[in-house]
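Take a look at the structure set out below.
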Amino acid sequence: MFRKISTNHKVQFFRNWLASPGTIGAVWPSSRQLAQQMLAELNLAPGEGIVELGPGTGAITRELLPHLSSPAQYLGIELSSQFLILLNAQFPDLKFVQGDARETHVLVEQHLSCPVKYVLSSLPFSNQTPATQQAIIESISRCLAPNGLFRTYQYALAYWLPRAVRFRELTSAILCHQSRSTILIRNLPPAFVLTWTNPAPSLGKAQNNGA
Ligand SMILES: C[S@@+](CC[C@H](N)C(=O)[O-])C[C@H]1O[C@@H](n2cnc3c(N)ncnc32)[C@H](O)[C@@H]1O
């Protein structure tokens, strides 16, 4: 069931952004429109896992709940200890770890017992150095099941900034770019949702056509 993002969460989000703008990457939690696009055509069978990177105040997490047949399918990886408190209070059945997305494959190995079909990221890749971007994408590719899907969003205003472009190039060098949504104007700021798949071994990188 959909629960509105509380004003308290928005205030906490904004405070965190003030304290650490580069790590938070947005002044406001994602809109419901963006959360739903992040979850579009998600088809999680029992026994398949989903990893959320940077769940923040839980704007996407709460939309994701109906897709889970068991809480054991979910792992959230969040850097901020303050957001972690909020997440644990809202979703006591789900597993959240305080950690860095650069260690995604290690944390998955430690905390998730099913193969990872989806990695959904809210990380501010456009604020990161190429080395950090690369480390995170490589870590994701190490734990994503063959044909598994990696999805993230980028803000339209920053879409052509060098670090945003560099992120897409790096990701497309490791995973196969699949799609970009239309611009989501009911998000603040407007954003695109981008999807890559992890090629099955027999396909290799032959089908990779860039982002
Ligand atoms: C734009 S906020 C997104 C919050 C929420 N998912 C939403 O959509 O409203 C980015 C989140 O990524 C987290 N974050 C940033 N760098 C991270 C990293 N290296 N590892 C894990 N989490 C990170 C931040 O603490 C923040 O919660």
Side-chain angles (χ1 to χ4, degrees), residues 2-40 50-65 74-91 94-108 110-111 118-140 143 150-159 163-164 167 170-171 181 184 186-194:
F2 172 65
R3 282 168 284 160
K4 272 183 78 175
I5 303 169
S6 76
T7 305
N8 180 36
H9 287 176
K10 289 179 180 169
V11 170
Q12 292 224 29
F13 198 97
F14 185 66
R15 280 203 187 126
N16 271 268
W17 175 78
L18 281 177
S20 188
T23 311
I24 304 302
V27 290
W28 220 236
S30 298
S31 66
R32 192 179 183 205
Q33 185 196 33
L34 176 53
Q36 288 181 333
Q37 188 63 45
M38 285 289 283
L39 300 169
I50 182 161
V51 176
E52 188 180 6
L53 303 177
T57 53
I60 293 172
T61 321
R62 71 178 60 87
E63 294 288 331
L64 186 156
L65 290 177
Y74 176 91
L75 176 66
I77 299 174
E78 172 55 59
L79 205 56
S80 158
S81 56
Q82 288 172 344
F83 283 157
L84 217 67
I85 293 168
L86 276 184
L87 291 164
N88 283 320
Q90 286 181 89
F91 312 106
L94 298 184
K95 177 79 182 172
F96 298 97
V97 292
Q98 186 178 7
D100 193 315
R102 284 177 291 193
E103 299 296 318
T104 298
H105 65 291
V106 178
L107 297 168
V108 163
Q110 290 170 349
H111 299 284
Y118 295 100
V119 175
L120 303 184
S121 167
S122 295
L123 302 177
F125 285 111
S126 303
N127 295 346
Q128 295 170 346
T129 64
T132 299
Q133 293 175 342
Q134 175 124 16
I136 293 173
I137 299 158
E138 280 178 357
S139 185
I140 291 168
C143 61
F150 166 58
R151 186 171 276 170
T152 190
Y153 54 88
Q154 287 192 314
Y155 297 124
L157 280 173
Y159 194 76
R163 281 189 181 177
F167 159 74
L170 280 173
T171 308
S181 72
L184 304 171
R186 279 184 278 147
N187 194 68
L188 187 69
F192 296 107
V193 168
L194 301 157

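Note that ligands are numbered from 1 as they come in the structure, with each ligand's atoms numbered from 1 the same way.
- Listed by number with element, the atoms of ligand 1 under 4.0 Å from a non-hydrogen atom of Ala101 are 18 (C), 19 (N), 20 (N), 21 (C).
- Protein heavy atom in closest approach to atom 2 (S) of ligand 1: Ile24 O, 3.2 Å.
- Proximity to Ser30 (heavy-atom distance under 4.0 Å) selects the following atoms of ligand 1: 7 (C), 8 (O), 9 (O).
- Regarding atom 22 (N) of ligand 1, its nearest protein heavy-atom neighbour is Leu79 N, 3.3 Å.
- Atom numbering of ligand 1 starts at 1 in the shown order; those under 4.0 Å from a heavy atom of Ala59 are 9 (O).
- Atoms of ligand 1 lying under 4.0 Å from any heavy atom of Pro29, numbered from 1 in the order shown and given with element: 9 (O).
- The nearest protein atom to atom 12 (O) of ligand 1, hydrogens excluded, is given as Gly54 CA, 3.4 Å; this is a heavy-atom distance.
- Distance from atom 3 (C) of ligand 1 to its nearest protein heavy atom, with residue and atom name: Ser122 CB, 3.5 Å.
- The distance from ligand 1 to the heavy atoms of Pro124 drops below 4.0 Å at these ligand atoms: 15 (C).
- When Gly56, Gly99, Ser80 are ranked by how near their heavy atoms come to atom 21 (C) of ligand 1, first place goes to Gly99.
- Close approach of ligand 1 to Tyr153 is summarised as follows: ligand atoms under 4.0 Å from at least one heavy atom of the residue are 1 (C), 3 (C), 7 (C), 8 (O).
- Looking at atom 19 (N) of ligand 1, its nearest protein heavy atom turns out to be Asp100 OD1, 3.1 Å.
- Close contacts of ligand 1 with Pro55, meaning ligand atoms under 4.0 Å from a residue heavy atom, involve 4 (C), 5 (C), 6 (N).
- For atom 25 (O) of ligand 1, the closest heavy atom belonging to the protein is Glu78 OE2, 2.5 Å.
- Nearest protein neighbour of atom 15 (C) of ligand 1, counting heavy atoms only, is Thr23 O, 3.1 Å.
- Ligand 1 is approached by Leu123 to a heavy-atom distance shorter than 4.0 Å.
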